[in-house]
Each structure stands twice: as C-alpha cells, then as structure tokens.
Amino acid sequence: MTENILQNLPHWIEVDLDKLLANAREVRRHLPDACQLMAVVKADAYGLGAVMVAQTLAEECQALAVTTLEEGMELRRHGLSLPILVFTPPDSQTAPLYAQHRFQVTIDSPATLAALKDFDLDCHLKVDTGMHRLGCLPELASQLVSEIIASPGLRLVGIYSHLAAAAKPKSAARQTAVFRQLIEELARQGQNYGQAHLANSAALLHYPPAYFDLVRVGTALYGQATGGLPAGWSLADTWQAKARLLEIRQVPKGQLVGYGGDLRAKRDLRLGIAAIGYSDGFTVEPQARPQGWASLIRQSGETVARLLLHHPKHYAAWQGQRLYPAGRVSMQLTAFDLGNTNLQKGDVLDISLRRTCASSRISRIYRKGGAIVAVRDEQGVYSTLEVEGGF
C-alpha cells in the first residue's frame, strides 16, 4: 500500500497534481487563443517541487521559467525539453552553460549582450518599465534589439518586463502603457522582437490588458490569488503541509512551557508535540515594511490583536479546528494546545506553512486520483510509484 510511505514520516507536504493541472486549464480557459502560457517554476516551483510540477504542467504550457541557472539545470537533468527562460542574465563565466543546456537567456544590458556574442542562443530582452530592478531602460531597447538581431548566433524570441504592483490598476496601467508604446515603436521600425510578455499571476487575474503574446504565471497555478479571485475564476489549493504528533503532554496550571518559559499555563493544558519548527519554515515570513502610516497602523493593529487574543498568525488544524502554539516555537518541534480535542500520539495535523519558506528537506508527496504516485525524499531524490491510475 502506497499510504504506508507516510507511516514513518514525521512531517511532509502533499501536492495534488490533479488540482495543479486543473488550475493550468483554468488559466488557459481565460486566455485568448493566441496567448501562450509560460509556467513559472522558480524557487522549487514555489516550494511544491519543480521537477514534478514542470512534468505535470508540460501538458498545458508552452514554456517554463526559472530565476537561476541551477534551477534550469535541475529541470534539464530530469528530462524537461520545453523552452526554459532563465530570468537571471548570464555573464561571460556562465554563458557556456546557458548554451549547453539550451536555455533561453535574458539580456538586460550591452554588457550581457557582449558576453553572449560567441554563442548560439535564443534571447529575451528585458526592459525596466518602472519596477527598477532588472532590465534596460526603454530608450535603450531599440538599439539593443538591433544589435541582438545583428548578432550571428543570437535569436531574439521575446521582449518582456515585470509589473511591480499588478493588482493595483493605476500602477499596472502606467507600466503597461510604457511597454505597449515600446513594442509598437519597434513594430513601426520593422524590428522583430518575437513574443511580448508582461503579465504575471496578479495581472492574469486583475489586469487583462497586460496579456500580450504570452503570460508568465506562477502563484495562480499553485492555487494562490493575490488580491482575491475575480468573478468567473476558480483555482484549487494544491498544497498541504502535515506534521505528526510525537508526544502528548499534560501540563498543570501555573507551569511554564517551552524555551524561556514564555508561556505560563492559565489552566491545565493538554499539549501535542509536533515534528515541525522554524527550521522547517514554520512561522518564517518575509519582512514586509509598512508603506506609509495607514499600513503601519494596520500591521500594528493586527499584531496587537493576535497578542491579546493569543492567536498567533501560524497554527495547526484538526478537523477544521485551529490549534495554536503553546510557548515558543522551537527549531524542529512545536507544542500545540490541543484544547478539547481527542488527538492522540501519532495523529497528523495540517500545518499553516508558507510555501516558499518550507524547508527543502521536508518530503514532498504527490497525489493523482487520490493515490500517492511519486515522492521526493528529504535528500531531494524523486521516486515514481507504480499504482493503478498513476503515471
């Protein structure tokens, strides 16, 4: 029985491949027929596991995208033959590897172009339309397009930019106007720039004018929607982190709990010790700096409310009931207040865990048709299982 795989795991992450594929088809349903789908599988496919995700999405997408050379190389090692755009521009040291693995490269400056002049490569020109991170200035784009086209081994297959706040219509409209003006000018000049692409997941959901020739979609494929889902959209959550209860502890009223004695029990407590902690990514969050006084007041208010209610942002769940950490979260263990539940040693909790913060050493379990069809173990090794209805 494939479910026996789970018996010896202290924690794991389950990924539903059926839901992943359904999300890709839902995205495809909302796109114009001529608009292609590039699946963004950077950061280990946002924590789901890039190889299995890319293999599954290959049915519905026309290209893949990653941030780093190493991410792309992992996909090639596992047989992915789709075009792979690498967002990080190469330099003279890494250019041979881009060519060897047939990656589509990002050119963002004359220096990048110079590093590629002796190679045979498909290229995308990245333009900075307002995010001010990577990309050439719009006024330099026409000259770079001309130089790329004139380079014997280089083929310009795309031009793109990135939206800083795609869910905010005014911001998205400003950047889209700059990008549209640029590609229209290139077209008037007779410059063949290939496919134009601007929309990320947030623009896919909230700003269709940014679609152009293809869309680059990451979080929406995995069931997350920045700014909420618009009417007519349906995306399924593909991910669930789980942890097993290793021990049940009875703590009398008045006793201190955990490192530093941060919690003094106000009543008799029944605690469940779960195999999850901050080294696994539990409670780990990127630091978001408040944007102005309104944002500061809102964030401060949310923090104070959680402290007063003793309801931390992160929790476990059991049959729809939230269970909160009791005391300090440790490196690889957390004590949860089990309240009036009947949970026992060995039972499994659902864990609220930020996907991109989840440790790569947590096993990924892949389900299709409800059955486990593949596993990525804590060493990063994939195993495909022979099950009825599997691959």
Side-chain angles (χ1 to χ4, degrees), residues 1-16 44 47-49 237 239-286 303 305-367 372 375-380:
M1 294 290 291
T2 56
E3 296 297 326
N4 291 340
I5 294 169
L6 305 180
Q7 290 183 355
N8 296 322
L9 292 178
H11 51 220
W12 65 93
I13 290 165
E14 295 197 2
V15 179
D16 190 318
D44 198 27
L48 278 72
D237 194 358
W239 151 292
Q240 182 58 66
K242 294 177 178 286
R244 194 178 302 280
L245 290 178
L246 304 179
E247 190 62 75
I248 304 296
R249 308 291 292 184
Q250 305 290 339
V251 178
K253 178 180 178 180
Q255 293 294 304
L256 300 177
V257 176
Y259 279 124
D262 282 4
L263 175 69
R264 183 181 296 275
K266 296 182 179 180
R267 54 179 170 80
D268 291 346
L269 294 177
R270 186 168 179 265
L271 303 182
I273 312 304
I276 198 79
Y278 62 79
S279 71
D280 304 304
F282 184 58
T283 72
V284 176
E285 289 281 342
T303 300
R306 284 197 296 268
L307 290 172
L308 291 176
L309 294 172
H310 302 290
H311 285 180
K313 183 175 183 179
H314 298 274
Y315 56 88
W318 169 256
Q319 297 181 346
Q321 180 177 344
R322 290 189 178 186
L323 308 174
Y324 293 99
R328 194 180 302 181
V329 172
S330 304
M331 185 180 290
Q332 293 174 296
L333 297 172
T334 298
F336 289 98
D337 184 349
L338 300 184
N340 59 359
T341 68
N342 62 353
L343 281 159
Q344 301 297 322
K345 179 179 178 178
D347 286 339
V348 177
L349 304 179
D350 292 338
I351 304 295
S352 66
L353 186 62
R354 189 179 183 90
R355 301 173 189 208
T356 52
C357 294
S359 171
S360 61
R361 294 184 64 82
I362 300 178
S363 296
R364 268 59 170 177
I365 304 296
Y366 298 94
R367 291 188 181 272
I372 298 174
V375 175
R376 191 183 78 179
D377 66 20
E378 63 178 15
Q379 303 301 322

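If you're wondering where the values come from, they're calculated on a predicted model, not measured in any experiment.
In this structure, the separation between CH2 on Trp318 and CG on Asp347 is 4.5 Å, given to the nearest 0.5 Å. The CZ atom of Phe282 sits 11.0 Å away from atom CD1 of Ile362, with the distance rounded to the nearest 0.5 Å. How far CG of Leu271 is from CG of Leu323: 11.0 Å, rounded to the nearest 0.5 Å. Between Leu353 atom CG and Tyr315 atom OH the span is 11.5 Å, to the nearest 0.5 Å. A distance of 10.5 Å separates OG of Ser360 from CG of Asp280, quoted to the nearest 0.5 Å. Atom CG of Asp262 sits about 4.0 Å away from atom CZ of Arg328, to the nearest 0.5 Å.
Between the side chain of Ser279 and the backbone N or O of Met331 there is at least one donor-acceptor pair closer than 3.5 Å. For Arg244 (side chain) and Trp12 (main-chain N/O), no donor-acceptor pair under 3.5 Å exists by modelled atom type.
Residues Gln319 and Asn342 form no side-chain contact, since every pair of their non-hydrogen atoms from C-beta on lies 4.5 Å or further apart. Between Asp337 and Tyr324 the shortest side-chain heavy-atom distance does not fall below 4.5 Å. Side-chain contact between Thr334 and Ile351 is absent, with no heavy atoms from C-beta onward closer than 4.5 Å.
Of all heavy-atom pairs between Lys313 and Ser352, the closest is O-OG, 4.5 Å. Here the closest heavy-atom approach between residue Ala243 and residue Ile276 is recorded as CB-CB, 4.0 Å. Closest of all the heavy-atom pairs between Tyr366 and Gly49 is OH-CA, 3.4 Å. When every heavy atom of Ala275 is checked against every heavy atom of His11, the shortest pair comes out as O-ND1, 2.6 Å. Smallest separation of non-hydrogen atoms from Gln344 and Leu245: O-CD1, 3.8 Å. Taking all atoms of both residues into account, the shortest heavy-atom contact from Leu349 to Ala316 is CD1-CB, 3.7 Å.
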Enumerate, atom names and distances included, each donor-acceptor pair closer than 3.5 Å involving a side-chain atom of residues 248-255, sequence neighbours excluded.
none

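Between Ile365 and the options Leu9, Val15, Ile13, Asp16, a side chain to side chain contact (heavy atoms under 4.5 Å, CB included) holds for only Leu9.
A salt bridge does not link Glu14 to Lys242: none of the charged side-chain nitrogens sits closer than 4.0 Å to a carboxylate oxygen.
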- Intermediate values then yes/no, side-chain contact (heavy atoms from CB on, under 4.5 Å), Leu6 and Val348: CA-CA 10 Å; Leu6 305 180; Val348 177; over 6 Å; no
